[in-house]
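Because the structure is predicted, anything quoted here is derived from the model rather than measured. Note on naming: letters A, B, ... go to the chains in the order of the sequence lines (proteins, then strands), and numbering restarts at 1 for each one.
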There are 4 protein chains.
Amino acid sequence: MARNATSGTSNGGTGTATGAAVPERLLAEATRLFAGRGYDRTSVQEIVEAAGVTKGALYHYFGSKDDLLHEIYGRVLRLQTERLDAIAARPNDVRDRLAEAAADVVVTSIENLDDTKIFFRSMHQLSPEKQKAVRAERRRYHETFRSLIEEGQRDGHFRPDVRPDLVVDFFFGSVHHLGTWYHADGPLSAKAVAAEFSDLLLHSVRQP
Amino acid sequence: MARNATSGTSNGGTGTATGAAVPERLLAEATRLFAGRGYDRTSVQEIVEAAGVTKGALYHYFGSKDDLLHEIYGRVLRLQTERLDAIAARPNDVRDRLAEAAADVVVTSIENLDDTKIFFRSMHQLSPEKQKAVRAERRRYHETFRSLIEEGQRDGHFRPDVRPDLVVDFFFGSVHHLGTWYHADGPLSAKAVAAEFSDLLLHSVRQP
Amino acid sequence: MARNATSGTSNGGTGTATGAAVPERLLAEATRLFAGRGYDRTSVQEIVEAAGVTKGALYHYFGSKDDLLHEIYGRVLRLQTERLDAIAARPNDVRDRLAEAAADVVVTSIENLDDTKIFFRSMHQLSPEKQKAVRAERRRYHETFRSLIEEGQRDGHFRPDVRPDLVVDFFFGSVHHLGTWYHADGPLSAKAVAAEFSDLLLHSVRQP
Amino acid sequence: MARNATSGTSNGGTGTATGAAVPERLLAEATRLFAGRGYDRTSVQEIVEAAGVTKGALYHYFGSKDDLLHEIYGRVLRLQTERLDAIAARPNDVRDRLAEAAADVVVTSIENLDDTKIFFRSMHQLSPEKQKAVRAERRRYHETFRSLIEEGQRDGHFRPDVRPDLVVDFFFGSVHHLGTWYHADGPLSAKAVAAEFSDLLLHSVRQP
DNA sequence: GATGAATGAGAGTTCATTCAT
DNA sequence: AATGAATGAACTCTCATTCAT
């Protein structure tokens with residue numbers, strides 16, 4: 001079980017290595033390493049060395065290696081859920097909200113590309129209970145997204161002959177896979193990808 | 001590297017466990033186990049036990065554990081490449097060919113769902129050289145697919161304002177993620193998903 | 001070494017968990033846990049959690065984990081030594097004194113069954129010096145017991161052809177093993193066992 | 001789970017270190033070390049170093065450290081059970097059979113003093129299931145012993161006013177504790193102790 | 001063609017203890 | 001009087017791979 005995470009003595013989260021508080025440093029390094037080598041291929045020893053502490057310190061804050069992964073998921077899930085909820089609650093035309101939600105999740109996925117990579121590659125390495133918890137939270141997120149599509153269908157803006165749940169799986173497959181091909185130093189900005197993915201989604205469902 | 005892989009289908013009937021030849025049995029069990037537990041969490045011992053042989057036998061046919069994974073990739077890549085090449089070479093309207101190619105890759109991905117799961121989860125666990133080889137072959141596949149989109153754009157059937165490479169990444173994200181949500185015993189047949197994914201792709205790119 | 005052990009019974013009412021003073025609570029919980037899981041398998045963390053204090057508190061009162069064990073031995077040794085000395089000093093017939101001493105050590109062993117279990121299972125986990133100290137005290141106890149047998153032999157009440165030291169080892173083997181089979185909720189009261197063990201001892205040595 | 005124990009390639013069980021077969025050597029060294037330091041304080045590393053092999057070899061033959069302990073128990077239990085069964089089945093007077101059984105278990109306990117020490121100190125460190133198995137076998141042994149006492153009571157040779165089960169616990173307490181005080185280089189031979197313990201037991205139960 | 005004993009390096013985790021506060 | 005973060009060493013166990021047979 002995660003013990004108490006932050007402790008919040010001081011430090012606003014500045015540096016990567018020795019500046020930040022210990023739990024933050026551990027999470028940051030774990031994220032970087034899990035994204036690079038994969039969860040199973042990253043040893044606890046590597047994490048603590050990268051964070052400049054000892055194993056004892058890690059196990060003081062986190063109950064297990066598994067716990068670190070769960071915490072990483074928690075952070076990104078919370079962030080994306082909050083943003084989607086805010087967008088979905090706006091008074092705009094549902095087409096605009098869907099477009100914005102789609103673009104937003106692409107941008108935040110690219111901004112947190114390490115978390116995105118970890119998400120789709122390592123989820124099945126979580127303990128069964130934690131996996132269940134993460135899936136439940138993810139399902140809530142997908143349901144909110146799906147409800148936008150359903151709303152658009154009721155309004156007559158979106159085609160009625162598509163299954164909203166399949167559209168969600170279709171789109172989030174694309175989003176989760178950003179980590180396999182997107183590179184920050186490539187020709188495409190996060191915004192450019194977001195605009196294009198959002199556009200593809202909208203065209204795929206809109207009433208012609 | 002794989003030494004001699006299959007040796008054909010004969011076998012002479014000496015097999016201890018099931019009917020098939022030893023290398024086939026090993027590949028089949030490895031595929032099943034890798035899909036279930038992941039590559040790193042599947043031990044060579046488990047594979048040989050499931051196949052009813054000993055470690056020595058495995059290392060007689062395959063040079064390493066890594067080699068098994070590479071062989072699995074090889075099979076599915078060969079299959080999908082052949083099918084795509086055949087579809088792309090037909091004389092039909094490019095919209096029909098794209099629709100058919102999209103539907104076909106969905107169906108074969110679902111029919112080989114274990115391979116699909118392994119593909120996107122375990123690619124980064126291959127040795128660097130083998131990873132490079134697989135990526136190269138995959139790129140060829142994507143290029144063929146992309147050329148269909150480019151052809152449609154030249155013909156005026158598809159919107160000119162989308163980047164063909166992004167469309168490919170968009171669509172194959174969806175395909176690779178089938179393994180995370182599709183269940184054979186669910187309400188949707190492989191064909192139904194294929195039809196819908198293909199339809200979503202076509203709508204997302206066609207000239208309105 | 002124990003620093004100041006008890007500090008009396010007062011406590012001022014500041015205790016966080018139950019009523020008793022901190023060192024007593026620690027000893028009580030340690031006894032319970034050592035008897036249940038064994039010394040090596042009980043962590044300092046478990047002890048302090050059971051007692052409702054922190055590690056710092058434990059190390060304030062006791063110099064080490066080893067020290068706790070030594071203190072537990074000290075208590076039960078002091079108790080049993082006092083009682084035996086009192087019984088041995090009475091003016092009764094030596095047969096009655098031996099019978100009473102035997103019955104008494106059985107009763108107090110059962111009443112402090114946790115200590116009994118710890119005694120014979122964990123003695124060798126004490127540090128060498130402490131082990132020596134405990135053994136010396138135990139030897140004194142055995143010598144007092146043995147002198148009763150020798151006295152009975154001189155008086156002609158007990159058979160002269162038995163070795164008193166062997167009788168002591170014979171009998172205390174039985175006593176120390178109470179912890180392995182006696183259960184408070186079984187059919188036998190402490191007194192019943194005490195009566196029978198005492199009777200068996202007396203029959204084994206008395207002059208027929 | 002214990003895998004296959006012996007393998008019996010050659011070697012009649014001569015030496016302690018490098019002569020004997022690997023599993024035998026491991027068991028012998030484990031017995032010596034467990035008796036000396038206790039189960040929990042003996043590391044797997046120490047065992048394999050003493051046996052001159054690597055950890056992998058140990059885990060090739062034994063499923064766990066726990067398994068080694070179980071195997072040690074198995075050997076001594078089997079030996080003592082066989083001997084008791086043989087003695088109990090003889091046609092002699094029951095008093096002679098009880099005396100012989102008592103003396104025999106003392107002699108074999110002293111001859112295998114390491115096993116005896118381990119038995120009473122480390123039983124509770126076995127996994128619950130294995131503990132149950134050992135206890136069941138031990139119970140059978142005790143029942144055979146108890147049946148001798150019951151037979152003697154029916155014949156009128158032994159006092160009817162003692163509980164046979166308590167006599168068994170009484171006597172085997174003494175036997176199990178041999179390990180705490182007996183030293184091979186002391187003044188008493190195994191036979192001398194056996195004769196005296198057997199004599200004490202017989203006097204404690206016989207009809208005066 | 002196939003065995004299985006053995007290796008050796010490294011995995012995650014636990015723990016008694018210390019010490020600045 | 002008491003905290004709790006942090007240490008560092010040791011723990012049991014796993015694993016892909018090799019090689020004499």
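- Rounded to whole Å, atom C1' of E/dA9 lies 17 Å from atom CG of D/Leu58.
- For the pair C/Phe62 CZ and E/dT18 P, the interatomic distance rounds to 16 Å; values are reported in whole Å.
- For C/Tyr61 and F/dA1, the shortest distance from a side-chain N or O to OP1 or OP2 is not below 4.0 Å.
- Map B/Gly56 and A/Glu46 each onto its nearest nucleotide of DNA chain E; the residue landing nearer the 5' end is B/Gly56.
- Nucleotide F/dC15 holds its C1' atom 8 Å from the NZ atom of B/Lys65, rounded to whole Å.
- Here the side chain of B/Tyr59 is nearest to one of F/dA16, F/dA1, E/dA2, namely F/dA16.
- Closest-nucleotide positions on DNA chain F for A/Val53 and D/Tyr39 were compared, and the one nearer the 5' end corresponds to A/Val53.
- Here the side chain of B/Ala57 is nearest to one of F/dA6, E/dT13, E/dT3, namely E/dT3.
- Closest approach of A/Lys65 to A/Tyr59, counting heavy atoms only: N-OH, 4.2 Å.
- A straight line from CZ of B/Arg37 to C1' of F/dC15 spans 14 Å, rounded to a whole angstrom.
- Between D/Asp66 and B/Asp40, it is D/Asp66 whose nearest contact on DNA chain F lies nearer the 5' terminus.
- Contact record, C/Arg75 with C/Asp115: NH2-OD2, 3.7 Å, taken as the closest heavy-atom pair.
- Distances shown here put a side-chain N or O of D/Ser43 below 4.0 Å from the OP1 or OP2 atom of F/dC11.
- Cation-pi geometry between D/Lys117 and D/Phe34 is not satisfied (NZ or CZ under 6.0 Å from the ring centre, within 45° of the ring normal).
- In this model, no side-chain donor or acceptor of A/Lys55 finds a partner on the base of E/dT14 within 3.5 Å.
- Atom CG of C/Leu69 and atom CD of C/Gln131 lie 9.5 Å apart (nearest 0.5 Å).
- The interatomic distance linking D/Gln125 (CD) with F/dT12 (P) rounds to 12 Å, in whole Å.
- Put simply, C/His60 has no side-chain N or O that comes within less than 4.0 Å of OP1 or OP2 on F/dA2.
- The backbone N or O of A/Ser43 sits less than 3.5 Å from a side-chain atom of A/Glu46, completing a donor-acceptor pair.
- If you take CD1 of D/Ile47 and C1' of F/dA10, they are 15 Å apart, rounded to a whole angstrom.
- What separates CZ of B/Arg41 from P of F/dA16 is a distance of 13 Å, to the nearest Å.
- Between the P atom of F/dA9 and the CD atom of D/Gln45 lies a distance of 16 Å, rounded to the nearest Å.
- For B/Val44, the side-chain atoms get nearest to F/dA16 when compared with the rest of F/dA16, E/dT13, F/dG4.
- Considering NZ of B/Lys130 and CG of B/Asp66, their distance stands at 3.5 Å, rounded to 0.5 Å.
- Between A/Arg32 and A/Asp114 there is no salt bridge, since none of the side-chain N atoms of the basic residue sits less than 4.0 Å from a carboxylate O of the acidic one.
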_Stepwise salt bridge (Lys or Arg N to Asp or Glu O under 4.0 Å) test for C/Lys132 and C/Glu129_ = CA-CA 5 Å; C/Lys132 213 170 151 186; C/Glu129 318 94 70; over 6 Å; no
Dot-bracket assigned to DNA chain F with the 3.5 Å Watson-Crick/G-U criterion, [ ] for crossing and | for other-strand pairs, is .||||||||||||||||||||
